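Counting convention: from 1, in listed order, for ligands and their atoms alike. Predicted, not measured: the structure shown is a model, and the values here were computed from it.
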Amino acid sequence: MALRITDECINCDVCEPQCPNEAISMGPDYYIIDPFRCTECVGHYGEPQCQVVCPVECIEIDPDCQEDQPTLLAKYQSLTKAEANH
Ligand code: SF4
Ligand code: SF4
């Protein structure tokens, strides 16, 4: 599953540099997560780093982006390959 940031985000900037996939960026009002880049940190860490650092716990699983572990791992591998080709 990809994660999403709710409107409780206080734009503290803490999560953005923690994301290994560069999936987090500033949106129109608060930070947003690109579901095509978020692997739930699978492939990099044992737990979602943005959730770990968020001081207001406003990052949750996106019910519209439900993916199982093999799918997340495949996404990680695809992203890593894309980076290597840059
Ligand atoms: Fe980035 Fe991991 Fe958070 Fe997804 S769960 S947005 S990959 S830090
Ligand atoms: Fe928003 Fe939480 Fe990220 Fe801070 S760490 S910018 S509150 S989502």
Side-chain angles (χ1 to χ4, degrees):
M1 285 156 268
L3 302 189
R4 70 177 178 187
I5 296 171
T6 73
D7 61 6
E8 287 168 42
C9 172
I10 56 171
N11 294 332
C12 74
D13 308 328
V14 168
C15 59
E16 190 268 333
Q18 298 301 326
C19 179
N21 294 325
E22 297 182 3
I24 303 175
S25 62
M26 189 62 194
D29 300 311
Y30 50 90
Y31 276 86
I32 54 173
I33 292 175
D34 179 349
F36 295 104
R37 296 192 69 88
C38 175
T39 63
E40 231 184 284
C41 282
V42 167
H44 290 283
Y45 302 104
E47 55 188 344
Q49 295 302 291
C50 54
Q51 272 186 327
V52 169
V53 297
C54 180
V56 295
E57 297 182 7
C58 68
I59 306 176
E60 61 185 18
I61 285 166
D62 185 344
D64 294 331
C65 292
Q66 307 245 2
E67 296 160 304
D68 58 18
Q69 289 287 312
T71 307
L72 288 168
L73 198 56
K75 194 198 279 189
Y76 158 75
Q77 284 162 346
S78 145
L79 284 168
T80 310
K81 205 170 160 191
E83 300 290 321
N85 287 338
H86 275 186

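- Shown in contact with Pro55 at under 4.0 Å from a heavy atom are these atoms of ligand 2, numbered in order with element: 5 (S).
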Worked verdict on Asn21 versus Thr39 for side chain to side chain contact (heavy atoms under 4.5 Å, CB included): CA-CA 8 Å; Asn21 294 325; Thr39 63; 3.0 Å; yes
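- Enumerated by chain and number, the residues approaching ligand 1 to less than 4.0 Å through a heavy atom are Leu3, Cys19, Pro20, Asn21, Ile24, Ile33, Cys38, Thr39, Glu40, Cys41, Pro48, Cys50.
- Between Cys50 and Cys19, the closest side-chain pair of non-hydrogen atoms is not below 4.5 Å.
- Within the listing of ligand 2, atoms 6 (S) sit less than 4.0 angstrom from a heavy atom of Asp13.
- Close approach of ligand 2 to Val56 (heavy-atom distance below 4.0 Å) involves ligand atoms 7 (S).
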Derivation and outcome, side chain to side chain contact (heavy atoms under 4.5 Å, CB included), residues Asp29 and Asn11: CA-CA 9 Å; Asp29 300 311; Asn11 294 332; over 6 Å; no
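- Between Ser25 and Tyr31 the shortest side-chain heavy-atom distance does not fall below 4.5 Å.
- Taking the side chain as every heavy atom from C-beta outward, Glu67 and Leu72 approach each other to under 4.5 Å.
- Within the listing of ligand 2, atoms 4 (Fe), 5 (S), 6 (S), 7 (S) sit less than 4.0 angstrom from a heavy atom of Cys12.
- Using a distance-only test at 3.5 Å, with no hydrogens or angles considered, a donor-acceptor pair links the side chain of Lys75 to the main chain of Pro35.
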Worked check of side chain to side chain contact (heavy atoms under 4.5 Å, CB included) between Asp13 and Met26: CA-CA 9 Å; Asp13 308 328; Met26 189 62 194; 5.6 Å; no
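- Leu3 places none of its side-chain heavy atoms less than 4.5 Å from the side chain of Glu60.
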